[in-house]
Amino acid sequence: MKKDIILAGVGGQGILSIAACIGMAALEENLFLKQAEVHGMSQRGGAVQSNLRISSEPVASDLIPEGKADIILAVEPMESLRYLPMLDKNGWVITSINPFINIPDYPSMESLMKEIWNQPKYITLDADLMAKACGSVKAANMVVLGAATPFLDLKIESIQNAIKAIFGRKGEDIVQLNLDALKAGRDHALKQL
Amino acid sequence: MQKLLLLGDEAIAQGAIDAGMSGIYAYPGTPSTEIMEYVQSSKDAKENGIRALWSANEKTAMESALGMSYAGKRAMVCMKHVGLNVAADAFVNAAITGANGGLVVVAADDPSMHSSQNEQDSRFYGKFSLVPILEPANQQQAYDMVHYAFQLSEDFRIPVLLRITTRLAHSRTGVQRAAMRKQNELKLPDNLRQFVLLPSIARKQYRELLGKQEQLEAASAKSGFNRLIDGKNKKTGIIACGLAYNYLMENFTDQKLEAPLLCIGQYPVPLDMVNKLYESCEEILVLEDGYPMLEELLKGMLNKGKKIKGRLDGTLPRDGELTPGIVGTAFGQKIEKGKQTPELVKNRPPKLCDGCSHNDAFLALNDAILEYGRGRVFSDIGCYTLSALEPLEAINSCVDMGASITMAIGAADAGLVPAVAAIGDSTFTHSGITGLLDAVNNNSPITVLILDNSTTGMTGGQASSAYGKIDSIVRGLGVPEEHIKVLKPLRKYHDENVAIMREELAYQGVSVIIPRRECIQTLSRKLRQKAKVKALDV
C-alpha cells in the first residue's frame, strides 16, 4: 500500500490539521509516513502545500516525485490546480469549491470549475456549506478530508480516532463537529463515485 | 516505546533533551525555529530544568552556549543558515577555544530560499572552522546524531556543527527515542586557560585543533554515518550527502541501484572511502543538497582526473534544492510530469495579514514621504519586508538583520536626505541598537521607524527581546526625547500619523518613530485563549 497526497490551500486554511489527522491514522495502522510541511513566509496568505506520503514500506524521499501523486486534496479550488504537474495521470483531484480570493486577478468561478471538471478524476464539494450544516464553517477542512477517505486505504475508524485525539483538548462538542464534518464529506464523495 | 511523529527540528530537540542537554540558546529563524519551540513546550525539558529561552540574536546565543559548555554542561545553539553569519565570530573562535561540556551548533540551511535571502551552505563554515559536521539523511538519523554529536564534542573537546536543510527540518515522520541520559555536573575545564585566546595561547590551541583533524577523519570513518556500498556497475560511482540519499533511492524503489555508492553524513570526509570509490569507477556523480562543496574538492582547480559530475558541469542545476525528479534526470531517467498548471492559476504571493499594524504604518509613511520622492526607505528582515510588494511598495531594501538603520546612515552621508529606516522590534534588538548608536554619534539626518508589534512575527510569534524596552533603549542611546514619537498605527489616526512623520522627516538629525500595535496573529491567539478560559470558568 502506498499513497502520495498533495495537500493544497492558502496559508491559515488548516491543511496541516488534515495532514495531522491522516498522519496519526497512518501511525495507528503501523504504516510508514513522511509529511513535508511549509512553514515561515508563505504562511501569510500565500499558496501553501504539504507533501504527505504513507506506505506499508519505508518512504525514501520527503518530497513526492513529480507526476506520481495519487491525490491532490485541496481546500481551495484554484489551489487544487496549481500542483497538477505533481499528479499521476490516474490521480484524483478532490477539492472544495469555496474560493479564497485575496488577489486582484483571481479567475472567474465559471472558468475555474470548467477546468476542474475537465480533469479525468475529480470530486468537488461545497465544503463551507456542508460544514455550516454540521455546526461551523471552521470544520470545512474536515469535510474535505472526509471526501478523501474513500481513496486513502485507511480504516475510517483510524481517522475518527485521530480526530478524537487531535481535537480532544477542545472539548466533546468540537470533536463531534469534526466527526460530523468528516462523515458529510465522506458521504458526498461516496455518492459521486 | 511508541514512535513519536516528529518534524526534523523536533527530532533534534527531543534528541538533545534525551542526550542530557542542560540548556538551549537560539534566535528564531525559518527553518530552525521549531527546535527551541519544542524544548520550550516539552514536559521532559521542564522536569529536568533545561534552560530554554530565546536570545537577542544568534551571536549572543552562541556565546551563551559556549559559556555553558565552559561550565562542563551540554549546550545546544540553533539558528538558520544566515544566523551563522551573525554568530560567526563566536563560532569560528569556539573551534579554537574548544568545548568542555558537549557543544552542538545546529544550522538550518534553506536551499531554494523558501524563507530566506540566500541559500548559503553552512558546511563551508564547518570546514572553515575545522570542526566536525554532521548531516543527517532523515529525521531518525537527526535524532541519533544529536546523541553522537554531544559525545563527539566531549571526546574531542570541540564544537560540533549539525547541518540540516528545510526539507528535513519541516518534514514529519516516526522517530524512535533512545534512553535518557543524565545531565553533566558543573565542571570547570581542566586547563583554566583553555578559553583565553591571547595570541600566545591561541597559537597553541590552534595547533591542537589542527592536530585533531586526522582523528576526526578517523572518527568519521568508523561512526557508521559514512557508508561505502559496493555495486557491480562500475561506470558511475555516486556520492550522496545527507538528504540527497533519499532522492537517489526514490528513483530506485522498483529497481536495484547497481552503482557503487558512498553516503556521507559526517565530515571531515574519510579520504580512504572516497579514494576507494574513485579508483573503482570510471566517473563520479556528486549529489549535495546545497553548494557543490565536495564536488569542487574532488574536481580540484584543474580537473585533470576522472570526470566529476554534479552541479558544476550542469548534470544538476547549479542552484536550488534537489528533488527526486532532478536527481532522477541526472541518471538519464525519464520523468513523467503530470499536466501543466493551467494558465488561469494565478500567483498568490504571501502578504501582510488583514488588520496588520505594519500596513497602517506604511500607508502613513507612503503619504508622508511623498514630498521628497520615493526610493529612500531602507528596511529589514521581518513580515514588514512584504511591504516591498504591491500594493504598498513602500520599501527599497532588505539585506540582513539590522541593515536598515546603517544603510540609511550611509545613504544620508551620500546626500540622500532624509533617509528612512524601517525595522521591527525584534530585529531592532537583534542587530539595530548598535546601528542607531552610530546614527546618533554621526548625527545622521535619518528617520527610524521601529515597527513595534511586540513579537517576532514572521517566524510565528515568539517572544521578542525588545518587549517593553524599546523606548528606554532609544532614549539611552541618546536620541533626543522630543524626537522619539510613539504612535498608534490605525486607519483612524492616519492623518495624525502622517503629520508626525512629516515633522520628523524634516528634522535634520536622528528621530525615532515607534508605531506600536500588537501583531494581529498573536492578539487573536491571546483572545482565543482568553475565551477558552472564560468558557471553562462558566
Side-chain angles (χ1 to χ4, degrees), chain A residues 2 10-12 19-20 23-24 26-27 32-48 51-53 57 59-69 76 78-79 81-89 91 100 102-108 111-112 115 118-119 170-171, chain B residues 2-3 5 7-8 30-31 33-34 110 114-116 138-139 166-174 243 245-253 321 323-325 327-328 335-342 344-354 356 383 385-386 390-391 458-460 532 535:
Chain A
K2 180 164 165 286
V10 180
M24 195 171 272
L27 220 56
F32 293 93
L33 92 135
K34 280 200 173 178
Q35 182 212 326
E37 304 175 355
V38 173
H39 295 209
M41 197 169 226
S42 345
Q43 282 178 306
R44 302 277 171 268
V48 292
N51 283 216
L52 180 55
R53 316 190 70 190
E57 302 299 317
V59 180
S61 162
D62 298 84
L63 295 174
I64 298 168
E66 288 171 313
K68 294 283 174 63
E76 207 282 341
M78 187 177 82
E79 296 308 319
L81 298 169
R82 190 180 300 279
Y83 308 101
L84 283 181
M86 300 297 296
L87 190 65
D88 188 277
K89 45 186 185 304
F100 188 104
N102 64 348
I103 48 170
D105 51 353
Y106 195 92
S108 76
S111 61
L112 200 52
E115 191 67 49
N118 240 337
Q119 303 307 315
K170 299 189 175 174
Chain B
Q2 162 101 45
K3 279 189 178 177
L5 188 55
L7 293 176
T30 314
T33 312
E34 292 82 0
D110 190 19
H114 298 283
S115 277
S116 305
N138 56 53
Q139 292 76 1
T166 305
R167 286 304 164 193
L168 183 110
H170 285 169
S171 175
R172 210 178 278 281
T173 192
L243 206 59
Y245 171 75
N246 304 343
Y247 300 139
L248 173 67
M249 296 321 286
E250 188 64 39
N251 285 283
F252 292 91
T253 44
E321 69 176 333
T323 65
V327 172
I335 306 299
E336 279 181 50
K337 279 194 195 180
K339 288 188 191 171
Q340 291 264 314
T341 304
L344 60 83
V345 175
K346 297 293 183 258
N347 277 338
R348 200 193 294 262
K351 55 187 198 177
L352 294 172
C353 307
D354 285 340
C356 174
C383 287
T385 315
L386 293 170
E390 287 168 346
M458 182 96 268
T459 44
K532 228 185 282 168

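The basis for the numbers below is simple: all heavy atoms, side chains too, and nothing from hydrogens, waters or symmetry mates. Since the model is a prediction, treat every value here as computed from it, not as a measurement. Sequence lines set the chain letters: A, B, ... in the order given, protein chains first and strands last, and positions in each chain run from 1.
Only the side chain of B:Ile335 comes within contact range of chain A, with heavy atoms under 4.5 Å apart. Looking at B:Leu243, only its side chain comes within 4.5 Å of chain A, counting heavy atoms on both sides. A:Glu37 touches chain B through backbone and side chain together, each having a heavy atom under 4.5 Å away. Contacts between A:Gln119 and chain B at a heavy-atom distance below 4.5 Å involve backbone atoms as well as side-chain atoms. Heavy-atom distances place both the backbone and the side chain of B:Glu336 under 4.5 Å from chain A. Only the side chain of B:Glu34 comes within less than 4.5 Å of a heavy atom in chain A; its backbone stays farther off. With a 4.5 Å cut-off on non-hydrogen atoms, B:Leu7 touches chain A through its side chain but not through its backbone. The contact between A:Leu33 and chain B is made by backbone and side chain atoms together, counting heavy-atom distances below 4.5 Å. When heavy atoms are compared at a cutoff of 4.5 Å, A:Asp105 approaches chain B by way of both its backbone and its side chain. Only the side chain of A:Lys89 comes within contact range of chain B, judged by heavy atoms closer than 4.5 Å. For chain B, no part of A:Asn51 is nearby; none of its heavy atoms comes within less than 4.5 Å. Heavy atoms closer than 4.5 Å to chain A are found in both the backbone and the side chain of B:Asn347.
Note: A:Leu81 leads A:Leu81, A:Val59, A:Leu52, A:Leu27 in heavy-atom pairs under 4.5 Å with chain B. The candidate with the highest count of non-hydrogen atom pairs below 4.5 Å against chain B, out of A:Lys68, A:Met86, A:Glu76, is A:Glu76. Ranked by heavy-atom pairs shorter than 4.5 Å toward chain A, the options B:Thr173, B:Thr323, B:Asn251 are led by B:Thr173. Interface remark: of the candidates B:Pro342, B:Gly8, B:Gly325, B:Pro342 forms the most heavy-atom pairs closer than 4.5 Å to chain A. Interface check for chain B: of the options A:Leu63, A:Asp62, A:Leu112, A:Asp88, the most heavy-atom pairs under 4.5 Å are formed by A:Leu63. Listed options A:Phe100, A:Tyr83, A:Phe32 were ranked by heavy-atom pairs under 4.5 angstrom with chain B; first place goes to A:Phe100. When each of A:Pro85, A:Gly67, A:Ser111, A:Gly23 is scored by its heavy-atom pairs under 4.5 Å with chain B, the top score falls to A:Pro85.
Looking at B:His170 and B:Thr30, their side chains come closer than 4.5 Å, going by heavy atoms from C-beta outward.
With hydrogens and angles ignored, the 3.5 Å screen pairs no side-chain donor or acceptor of A:Glu79 with any backbone N or O of A:Ala47. The main-chain N or O of A:Ser61 is found under 3.5 Å from a side-chain atom of A:Arg53 such that the two form a donor-acceptor pair.
Within 6.0 Å of atom NZ in B:Lys346, more than 12 heavy atoms from other residues, nucleotides or ligands are found, so the atom counts as buried in its surroundings.
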